[in-house]
Amino acid sequence: MLIAESLSKSFPTPSGSLSILSDVSLSGGEGERIVVMGPSGSGKSTLLAILGGLEPPTSGVLKLDDVNPYELSGARRADFRNQHIGFVFQDHCLLESCSALDNVLLPVLAGGRVEDSLVERGRFLLDRVGLQDRQSHLPAELSGGERQRVAVARALMLCPAVLLADEPTGQLDSQSAVQVIGLLNELVDETGSLLCIVTHDESIAERVAGCRQGRRLCLSDGRLVT
Ligand code: ADP
Ligand code: MG
């Protein structure tokens with residue numbers, strides 16, 4: 001269960017403090033899907049970064065299964081993120097020198113030798129996203145949609161409790177976008193992850209929020225409204 005209570009975020013600027021989020025509360029559990037919309041600059045990425053343990057809020061509390069990641073030391077927080085939170089960004093953020101399979105295995109490579117069962121899971125996920133024949137390909141040898149499918153597989157490698165996706169289809173053509181969202185929906189069904197996705201695209205929003213357990217929120221003037 002992810003619980004965010006009264007989060008606020010402001011950034012210091014030369015002309016004073018710039019308030020981006022104020023009094024944002026939200027919670028979600030297993031299998032739920034939250035779509036966050038809002039104009040450019042409204043703080044969507046900032047909110048996702050806070051929810052993902054990447055950027056501490058100025059005030060407010062974040063808890064994932066009773067753990068506040070911002071109370072952990074840097075290294076333990078990084079480990080907590082790796083174990084419990086998956087990210088998909090607008091730019092796939094794959095390592096260009098690693099194969100598709102190695103990119104999917106990145107979350108477990110930090111732990112040293114990768115057990116066969118984890119390699120099997122990596123292969124299974126690439127199979128699930130339709131890239132079974134592309135395991136040894138480098139990102140440069142894949143299309144934009146294929147790279148984003150690798151990024152989705154990587155994010156779900158460790159069955160994270162929370163999957164955060166920041167405009168994951170923002171750079172894709174509409175056909176690839178629909179395919180990526182379809183896979184995202186299917187895979188979070190399987191892992192039971194809470195999905196929190198930011199999108200500008202109305203049809204993508206509907207494909208996620210329209211699911212059972214889906215809902216839609218909007219950031220406006222720093223506040224989250226239903
Ligand atoms: P969105 O994702 O909705 O487009 P962002 O969360 O990226 O919006 O940014 C919200 C606002 O916060 C923007 O005005 C942006 O310039 C500002 N902002 C984001 N990060 C910082 C930072 N580190 N320092 C100062 N301002 C920032
Ligand atoms: Mg953004």
Side-chain angles (χ1 to χ4, degrees), residues 2-28 32-64 68-70 72 74 77-78 81 85-94 144-145 147-152 154-155 160 162-174 176-178 180-181 184-185 188 193-209 214-226:
L2 180 83
I3 300 178
E5 269 173 23
S6 202
L7 299 176
S8 74
K9 182 72 183 177
S10 45
F11 291 107
T13 70
S15 52
S17 168
L18 177 69
S19 170
I20 305 298
L21 301 173
S22 46
D23 198 21
V24 168
S25 298
L26 88 122
S27 64
E32 289 184 47
R33 284 141 215 243
I34 300 170
V35 179
V36 178
M37 301 187 83
S40 182
S42 59
K44 304 180 298 296
S45 295
T46 304
L47 175 61
L48 245 52
I50 295 173
L51 297 179
L54 289 168
E55 174 82 38
T58 307
S59 65
V61 175
L62 177 74
K63 285 205 168 159
L64 177 58
N68 180 341
Y70 297 110
L72 304 175
R77 172 145 50 104
R81 268 201 310 268
I85 300 166
F87 292 94
V88 183
F89 299 98
Q90 182 168 358
D91 171 5
H92 50 81
C93 298
L94 301 179
R147 286 197 285 264
Q148 204 57 316
R149 277 142 62 191
V150 175
V152 166
R154 177 182 59 186
V162 180
L163 179 66
L164 301 171
D166 194 351
E167 306 202 41
T169 62
Q171 292 182 10
L172 303 182
D173 61 78
S174 57
S176 301
V178 165
V180 164
I181 288 301
L184 210 53
N185 268 332
V188 294
S193 308
L194 162 67
L195 172 64
C196 187
I197 180 175
V198 167
T199 181
H200 270 115
D201 184 319
E202 180 56 38
S203 74
I204 294 293
E206 198 39 47
R207 277 173 197 274
V208 180
R215 68 193 139 112
R216 195 194 280 241
L217 301 169
C218 187
L219 266 179
S220 170
D221 294 329
R223 289 173 185 274
L224 203 51
V225 291
T226 306

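Counting convention: from 1, in listed order, for ligands and their atoms alike. Just so it is clear, the model here is predicted, and its values are computed rather than measured. Along the sequence shown, the residues carry numbers beginning at 1.
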Inset, instruction - Classify the contact between Ile20 and ligand 1 as side chain, backbone, both or neither, using a heavy-atom distance cut-off of under 4.0 Å. - result: side chain

Inset, instruction - Say whether Leu18, considering both its backbone and side-chain N or O atoms, lies within less than 3.5 Å of an N or O atom on ligand 1. - result: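 For ligand 1, there is no N or O atom that lies under 3.5 Å from one belonging to Leu18.
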
Which heavy atom of the protein is the closest neighbour of [atom], given with residue, atom name and distance?
atom	result
atom 7 (O) of ligand 1	Ser45 CB, 3.7 Å
atom 23 (N) of ligand 1	Phe11 CE2, 3.4 Å
atom 10 (C) of ligand 1	Gly41 O, 3.4 Å
atom 6 (O) of ligand 1	Thr46 OG1, 2.5 Å
atom 8 (O) of ligand 1	Gly43 N, 3.3 Å

Inset, instruction - Would you check whether Ser40 reaches within less than 4.0 Å of ligand 1, judged by its heavy atoms? - result: yes

Inset, instruction - Consider ligand 1: state whether an atom of it lies below 4.0 angstrom from any non-hydrogen atom of Ala49. - result: no

Inset, instruction - Sort by chain and number the protein N/O/S atoms found under 2.8 Å from the Mg ion (ligand 2). - result: Ser45 OG

Legend entry - Per-atom contacts of ligand 1 with Pro39, taking only distances under 4.0 Å to non-hydrogen atoms: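 So the atoms of ligand 1 that pass are 3 (O).
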
Inset, instruction - Verify the neighbour count for atom CD of Glu5: are there more than 12 heavy atoms of other residues, nucleotides or ligands below 6.0 Å? - result: no

